[in-house]
Novice: 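Shown below is the structure under consideration.
Chain identifiers are assigned alphabetically (A, B, ...) following the order of the sequence lines, protein sequences preceding nucleic acid strands; residue numbering begins at 1 within each chain.
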Amino acid sequence: MNEYDPESIEKKWQYRWEGSELHRAKIDENKESFYIIFAYPGISGYLHLGHMRCYTYTDFMARYKRMRGYNVLFPAGAHPTGNQVISLAKRVRENDPRIIAYLKANGATDDDISQLDNPEGVIEYFTQTYMNEWKNFGLSIDFDHFTDTSREDYSRFIQWQFKKLKDKGLLTQKPYYAPVCKNCGPVAVDPSETDLSKGGNAEVQEYTLLKFRFGQRYITAATLRPETVYGQTNLWVDPQEDFAVVDVSGEEWIMSDAAAKKLGCQMEEVEVVDHIKGKEMIGDKATAPMIHRDIPVLPANFTDPYVGSGIVTSVPSDAPYDRIALKELKSDGERLKKYGLEELVEDVEPIEIIESKDWGTNPAEKIIHEMGIESQDEVEKLEEATQKIYRAGFHAGTMLNICGDYAGMPVQEAKDMVRKEMIEKGEADMFYDLSEEVICRCGGEVVMGKIPDQWFIRYSDEELTEKSKEHARTMNIRPDTYANTLPDTLEWFQDRSCARLGNWIGTRFPMDDRWIIEAIADSTLYPAYYVVAKYFNSGKLNASEMTEAFFDFVYLGKGEVDDVSSSTGIDRRTLQEIRRDFMYWYPLDINLGGKEHMTVHFPVFLMNHVAILDRENWPRGIMVNWYLTMTGGKISKSKGGADPIPDVAERFGIDTLRLYYAHSASPFVDKEWNENEAMNYKKRLGVVWRTVTKMKDTGGGGSPVDEYLRSRFNRLLARSQNFMDDYSIRKAANVVFYDVPAEIDWYFKRGGENGALLDEIGENWVKLMAPFTPHMADELGEQFGTEYVTARLLPRVDEYAISEIVESREEYLKGVMNDVKNILDIAKVKGEAIFIYVTSEWKRTVIERVLAEPDKGMGLMSALVDELGVTPKKISGFLRYVLDELKTNREGLEKARELNELKILEGDKKFLEGEFGAKVEIYSASEDAYDPAGKKDKAMPGKPAIYIE
RNA sequence: GCGAGGGUAGCCAAGCAUGGCCAAAGGCGCAGGACUUAAGAUCCUGUCACGUAGGUGUCCGAGGGUUCAAAUCCCUUCCCUCGCACCA
């Protein structure tokens with residue numbers, strides 16, 4: 001027969017599947033439905049092998065369930081919501097050489113590229129590309145249900161969803177602070193974010209802006225540690241700097257110009273009315289918040305106008321910077337004199353406020369001493385010291401007695417309470433900033449801005465949270481670790497902003513069309529929409545007909561069909577058909593997605609279902625897959641680093657890649673892509689191919705090993721199905737592609753050649769392969785005379801074929817062969833003749849008696865001595881051994897008891913002689929036989945004695 | 001920081017829930033052989049150490065403990081990876 005040629009096979013079958021109805025889901029009330037999706041991809045570039053891992057797992061399950069008799073719906077879609085598509089189009093329009101090279105490397109033609117200079121073109125091109133790649137991977141997707149989130153019909157659905165959320169009181173508006181670009185509006189600050197040109201690693205800092213009364217004005221100082229206000233001793237101001245005087249709702253606040261600008265984005269009515277030089281403030285006093293003490297303003301040069309307010313409140317007990325600056329100042333006579341501070345500085349000493357186990361009550365002093373810090377210019381060391389003290393203080397610190405109402409309280413608790421009290425009393429305010437400079441792709445600066453009327457979905461709602469948690473516990477969630485953590489995640493899940501102002505792709509907010517619904521929020525309930533999308537795609541529905549009444553009827557069963565029909569213009573039959581479709585396919589059985597979704601998509605996916613749909617339609621399962629990585633990091637669409645899929649597919653073959661996904665690692669660990677390993681899977685498929693070929697070409701008669709193969713195959717068949725039912729994809733693939741062929745090899749080795757049996761098992765084996773390597777399976781199936789093995793049912797386990805005794809016979813034989821090999825290895829004998837002595841019958845009798853009365857122990861001795869006619873010494877020795885074995889290996893004893901060893905070995909004498917190229921003689925230890933080394937007595941049931949010469 | 005997961009032989013990777021046929025599956029790599037050749041082949045054998053008889057010793061990040069018995073259970077400790085919200 002022919003050689004394994006993946007390329008031609010895969011093309012052939014993909015073409016045939018495409019022309020068939022095999023993957024189209026049709027309602028069949030006689031079949032149980034199984035509805036599975038993968039989390040659809042956002043459109044930001046080409047798919048890579050990491051995505052395909054997730055999609056392929058979905059296909060394994062879809063194909064497996066189909067072959068187990070379920071009616072499977074497996075749709076797909078794409079998610080262009082957001083600004084990735086817009087920015088990609090913009091870069092193409094600007095002829096960005098990097099993006100052009102990326103597109104070309106992935107096979108885009110000049111024609112394609114010319115189409116990509118506008119968002120619509122990008123969406124069109126990539127949705128087509130994705131669909132092609134899915135088809136090329138042999139995914140059994142029903143494309144009749146395809147949708148993407150930029151389409152008008154999808155928007156109709158999302159608007160309905162948000163109306164429902166509004167009706168349930170789950171939408172709310174409140175102020176929100178977020179990174180914004182002046183030109184582009186809100187932006188995400190994230191290392192993988194393509195819309196930033198700088199500062200992706202920045203973190204949002206939540207400062208408390210302390211207000212120090214300073215005459216008619218206030219000096220402001222921003223701190224991350226509001227609880228340390230009890231230890232304030234002075235303020236630090238850079239005498240070289242100029243500061244702005246800002247009018248904030250009638251009060252005058254002093255801060256750096258940069259801070260004033262930032263504050264302007266976070267508060268209304270902020271206006272710079274004056275300026276003041278830093279040195280003008282030096283030596284004066286200001287009244288500190290909370291402690292209401294007058295503290296001096298002292299000169300320092302470590303302050304930074306771009307951090308906080310540019311002015312620092314000094315807590316020398318807990319802040320290494322402050323401690324060292326104070327020391328330096330005190331010993332700098334010249335400077336003290338210059339500003340006339342000699343007396344003022346005398347009383348400024350650290351005030352102990354917090355105690356922690358590791359750092360005592362004066363941590364700053366301790367750490368600068370330990371780290372040998374001598375100057376405020378040693379920035380790196382000081383940053384490290386600050387971090388250390390901050391962590392220790394926050395987690396292990398306790399407020400000391402001096403801290404008023406908060407004395408004795410852990411720092412963790414005191415922190416928020418102190419801040420709250422000061423804000424309520426008007427002595428402080430919130431101030432948000434980014435930890436480093438962030439620049440938008442457009443070149444504009446990104447700052448923290450206040451959005452006063454941000455829309456949120458109220459995921460904090462108690463009833464919703466409780467219902468979702470309760471339901472999550474009943475769901476089928478893989479892996480188990482996620483099943484355990486999901487309820488907790490739901491618990492801490494807070495309100496989440498769900499819309500944004502400005503221009504990007506998405507659905508207009510139905511209550512206020514200045515807003516566009518955000519990307520996480522418009523992709524929670526979409527499995528419900530796939531069902532409807534089919535009717536839109538086929539032209540049976542148009543978007544304008546998708547009214548609130550329509551969706552209410554389809555998803556909630558609300559309203560009379562006649563009313564809905566007349567209000568929407570959709571005919572009754574279509575309405576009823578869609579409703580029936582929805583009720584047939586829903587609920588969703590599995591939502592499969594990458595681990596990045598664990599704290600993002602999956603919780604909101606679940607909560608929106610619970611919030612909006614009836615209980616019977618809440619999702620049943622979630623499966624999370626881990627990443628495929630490339631040396632070091634996760635593969636990223638935005639950063640490239642992954643080979644274009646068509647190239648890889650051509651080199652390895654699709655079935656190879658599919659087997660690689662299935663078998664090289666469990667779905668629940670990260671896996672590093674390894675070409676060498678992938679190559680080995682290609683070889684493995686070659687081996688499988690040849691084995692099947694050999695099975696088909698062998699046509700002999702029956703033999704005793706037939707029973708064994710039948711037993712083993714059925715056992716493995718059952719095992720593989722148990723694994724698949726348990727989502728243990730890797731284990732199932734291991735059985736199918738390694739364990740089964742190993743048994744078939746053994747069968748051939750033992751001289752098996754039963755043509756009918758091999759045909760039967762061969763075809764059944766091919767069916768087992770089908771979910772994993774469908775192209776190869778259909779090709780091999782066809783050679784057995786079955787068209788579309790992938791569309792058949794998996795074979796049923798024949799329980800009667802499974803036989804312990806038949807299998808243990810072969811195990812026994814393997815054991816004996818292993819012992820012989822062992823001896824041949826170590827004992828340097830020629831191995832021309834092998835003598836095997838099977839145990840004496842009396843030993844078997846001892847085992848019988850022990851198994852019959854296991855509690856009697858050595859008490860069995862006297863009866864045995866009478867009965868067996870063997871010397872008591874031999875009996876007691878063996879009995880002791882058996883009693884010992886009984887504790888650890890009862891099963892082994894039971895098996896040994898049942899074997900007719902002599903018969904097995906006699907039957908396979910020729911085989912053994914062939915294997916070892918030696919003469920084999922078999923005796924019972926009870927008979928008188930050639931035994932020059934006195935081995936006979938060593939024979940045990942299940943383990944014969946062996947002598948070789 | 002918060003939360004989760006993990007460290008098993010040269011590498012990848014099972015096993016751990018339910019302690020005992022666990023020197024620890026399987027794959028890769030490596031070595032030797034067979035075959036016969038240009039194929040990224042295939043097949044067999046070996047691959048912790050020692051051992052001229054199927055055995056013994058040591059071993060599952062490190063250190064303790066429980067137990068007749070620990071890769072598996074408990075405690076301590078070191079190291080690694082990942083997710084953390086307006087990014088999909």
Novice: Can you confirm whether or not the ring centre of Tyr947(A) sits under 6.0 Å from the ring centre of Tyr837(A)?
Specialist: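 Tyr947(A) vs Tyr837(A): aromatic centres not under 6.0 Å.
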Novice: Could you measure between the two P atoms, the one in C84(B) and the one in G32(B), and give it in whole Å?
Specialist: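 Roughly 50 Å separates the two P atoms.
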Novice: Which is true for Ala178(A) with a 4.0 Å heavy-atom rule: it touches a base, it touches only sugar-phosphate, or it touches nothing?
Specialist: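 Result for Ala178(A) = nothing.
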Novice: Mind checking if Lys683(A) touches a base, just sugar-phosphate, or nothing, with heavy atoms under 4.0 Å?
Specialist: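 Answer is sugar-phosphate: Lys683(A) comes under 4.0 Å of backbone atoms only.
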Novice: Who does G20(B) pair with, Watson-Crick or G-U, both distances under 3.5 Å?
Specialist: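 Paired with C68(B).
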Novice: For G7(B) versus C12(B), give the span between their P atoms, rounded off to a whole number of Å.
Specialist: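 Those two atoms are separated by 12 Å.
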Novice: Base, sugar-phosphate, or nothing: which does Ser523(A) touch, judged by heavy atoms less than 4.0 Å apart?
Specialist: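 Contact class for Ser523(A): none.
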Novice: Among the candidates C87(B), U42(B), G40(B), find the nucleotide nearest to the side-chain atoms of Arg690(A).
Specialist: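 When the side chain of Arg690(A) is considered, U42(B) is the closest of C87(B), U42(B), G40(B).
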Novice: Base, sugar-phosphate, or nothing: which does Met679(A) touch, judged by heavy atoms less than 4.0 Å apart?
Specialist: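 Base contact.
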Novice: Report yes if at least one side-chain N or O of Arg730(A) is closer than 4.0 Å to OP1 or OP2 of C12(B); otherwise report no.
Specialist: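 No, no such contact exists.
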Novice: Who is the Watson-Crick or G-U wobble partner of A62(B), with both distances under 3.5 Å?
Specialist: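 Pair assignment: A62(B) / U76(B).
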Novice: For Ser666(A) and His663(A), take the nucleotide of RNA chain B holding the closest heavy atom to each; which residue's nucleotide lies nearer the 5' end?
Specialist: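 First, find each residue's nearest nucleotide; the 5'-ward one identifies Ser666(A).
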Novice: Taking everything shown except Glu949(A) itself, do over 12 heavy atoms lie less than 6.0 Å from its CD?
Specialist: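 Above 12, so yes.
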Novice: Pick the nucleotide of RNA chain B nearest each of Val600(A) and Asp739(A); which residue has the one closer to the 5' end?
Specialist: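 Closest to the 5' end, via its nearest nucleotide, is Asp739(A).
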Novice: What integer number of Å spans the P atoms of G5(B) and C75(B)?
Specialist: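 So the two P atoms sit 14 Å from each other.
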Novice: Determine the contact category for Trp455(A): base if any of its heavy atoms lies under 4.0 Å from a base atom, sugar-phosphate if only primed atoms, P, OP1 or OP2 are that close, otherwise nothing.
Specialist: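 Nothing, no heavy atom under 4.0 Å.
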Novice: Could you work out, with salt bridge (charged side-chain N to carboxylate O under 4.0 Å, His left out) as the rule, every residue matching Lys174(A), not counting sequence neighbours?
Specialist: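 Lys174(A) satisfies salt bridge (charged side-chain N to carboxylate O under 4.0 Å, His left out) with Asp495(A) once adjacent residues are dropped.
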Novice: Is it true that Thr81(A) and Asp522(A) share a donor-acceptor pair across their side chains at a distance under 3.5 Å?
Specialist: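 Distance-only check passes for Asp522(A) and Thr81(A).
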Novice: Taking any strand in view, what nucleotide pairs with A25(B) in a Watson-Crick or G-U wobble way, both distances under 3.5 Å?
Specialist: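 Pairing partner: none.
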Novice: Could you measure between the two P atoms, the one in A70(B) and the one in A17(B), and give it in whole Å?
Specialist: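 Result for the P pair: 14 Å, nearest Å.
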Novice: Go through the structure and list residues passing side chain to side chain donor-acceptor pair (under 3.5 Å) with Tyr681(A), not counting sequence neighbours.
Specialist: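 So Tyr681(A) forms a side chain to side chain donor-acceptor pair (under 3.5 Å) with His663(A).
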Novice: At 4.0 Å (heavy atoms only), tell me whether Gln454(A) reaches a base, stays on the sugar-phosphate, or touches nothing.
Specialist: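 Gln454(A): no heavy atom of the nucleic acid under 4.0 Å.
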Novice: Kindly assign one of parallel, tilted or perpendicular to the pair Trp746(A) and Phe911(A), based on the angle between their ring planes and the thresholds 30° and 60°.
Specialist: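 Plane angle over 60°, so perpendicular.
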Novice: Counting any heavy atom closer than 4.0 Å, what does Arg684(A) reach on the DNA or RNA strands: base, sugar-phosphate only, or nothing?
Specialist: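 If one applies the 4.0 Å heavy-atom cut-off, Arg684(A) turns out to touch nothing in the nucleic acid.
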Novice: Determine the Euclidean distance between corresponding C1' atoms of G40(B) and G51(B); express it in Å to zero decimal places.
Specialist: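 Per the computed distance, 40 Å lies between those C1' atoms.
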Novice: Determine the contact category for Trp492(A): base if any of its heavy atoms lies under 4.0 Å from a base atom, sugar-phosphate if only primed atoms, P, OP1 or OP2 are that close, otherwise nothing.
Specialist: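 Base, at least one base heavy atom under 4.0 Å.
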Novice: Would you mind classifying the nucleic acid contact of His79(A) as base, sugar-phosphate or nothing, using non-hydrogen atoms under 4.0 angstrom?
Specialist: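 Result for His79(A) = sugar-phosphate.
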Novice: On a whole-Å scale, what distance lies between the P atoms belonging to A85(B) and U76(B)?
Specialist: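 The same atom, P, in both gives a distance of 30 Å.
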Novice: Side-chain contact, heavy-atom cut-off 4.5 Å: Arg53(A) with Trp673(A)?
Specialist: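 When only atoms from C-beta onward are counted, Trp673(A) and Arg53(A) do not touch, as no gap falls below 4.5 Å.
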Novice: Please work out whether the ring planes of Tyr4(A) and Trp689(A) are parallel, tilted or perpendicular, with thresholds of 30° and 60°.
Specialist: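 Ring orientation, 0 to 90° scale: tilted.
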Novice: Do the side chains of Arg496(A) and Ile520(A) get nearer than 4.5 Å, heavy atoms only?
Specialist: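 The answer is yes, as the side chains (C-beta and beyond) meet within the 4.5 Å cut-off.
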Novice: Select one nucleotide: of A88(B), G40(B), C43(B), the one nearest the side-chain heavy atoms of Arg651(A).
Specialist: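 Nearest nucleotide to the side chain: G40(B).
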Novice: Between A88(B), G26(B), C28(B), which nucleotide gets closest to the side-chain atoms of Asn734(A)?
Specialist: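 The answer is G26(B).
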Novice: Both distances below 3.5 Å, Watson-Crick or wobble geometry, any strand: find the nucleotide opposite C84(B).
Specialist: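 Matched C84(B) with G1(B) under the 3.5 Å cut-off.
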Novice: Is the closest basic N to carboxylate O distance between Lys671(A) and Glu677(A) below 4.0 Å?
Specialist: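 Looking at Lys671(A) and Glu677(A), the cut-off is met.
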Novice: Tell me: CD of Glu677(A) to P of C12(B), nearest whole Å?
Specialist: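 Rounded to whole Å, this separation is 10 Å.
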Novice: Between P on C2(B) and NZ on Lys415(A), what's the gap in Å once rounded to a whole number?
Specialist: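 Atom NZ in Lys415(A) sits about 13 Å away from atom P in C2(B).
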Novice: Write down the distance separating the C1' atoms in G55(B) and U77(B), rounded off to the nearest Å.
Specialist: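 G55(B) and U77(B) have their C1' atoms separated by 38 Å.
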Novice: Rounding to an integer number of angstrom, what distance separates A23(B) and C50(B) when you compare their C1' atoms?
Specialist: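 Their C1' atoms lie roughly 14 Å apart.
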Novice: Checking base pairs now: Watson-Crick or wobble, both atom distances under 3.5 Å. What partners U56(B)?
Specialist: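 The answer is A49(B), by the H-bond criterion.
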Novice: Specify the separation, in whole Å, of atom CG of Leu685(A) and atom C1' of A39(B).
Specialist: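 Value for this atom pair: 17 Å.
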Novice: For the pair Arg712(A) and Glu743(A), find out whether any cationic side-chain nitrogen is under 4.0 Å from an anionic carboxylate oxygen.
Specialist: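 Answer for the salt bridge query: yes.
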Novice: What string of B, S and - do you get for nucleotides 45-58 of chain B 5' to 3' if you count protein non-hydrogen atoms under 4.0 Å?
Specialist: ------BSBB----
Novice: Report the distance from atom CD1 of Ile389(A) to atom C1' of G1(B), rounded to the nearest whole Å.
Specialist: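 Rounding to the nearest Å, CD1 of Ile389(A) and C1' of G1(B) are 16 Å apart.
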Novice: Could you tell me which nucleotide pairs with G40(B) by Watson-Crick or G-U wobble geometry, both distances under 3.5 Å, or answer none if nothing does?
Specialist: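 In the structure as shown, G40(B) has no Watson-Crick or wobble partner.
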Novice: Would you mind reading off the distance between His597(A) atom NE2 and G83(B) atom C1', rounded to a whole angstrom?
Specialist: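 Rounded to the whole Å, the gap is 12 Å.
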Novice: To the nearest Å, how far apart are Met598(A) CE and A88(B) C1'?
Specialist: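 After rounding, the reported distance stands at 16 Å.
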Novice: Check the distance between C28(B)'s P and Tyr660(A)'s OH and give it to me in whole angstrom.
Specialist: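 Rounding to the nearest Å, OH of Tyr660(A) and P of C28(B) are 14 Å apart.
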Novice: Watson-Crick or G-U wobble partner for C35(B), using a 3.5 Å limit on both distances?
Specialist: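 Pair assignment: C35(B) / none.
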Novice: Figure out the CD1/P separation between Ile505(A) and A88(B), and round it to whole Å.
Specialist: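 These atoms are roughly 11 Å apart.
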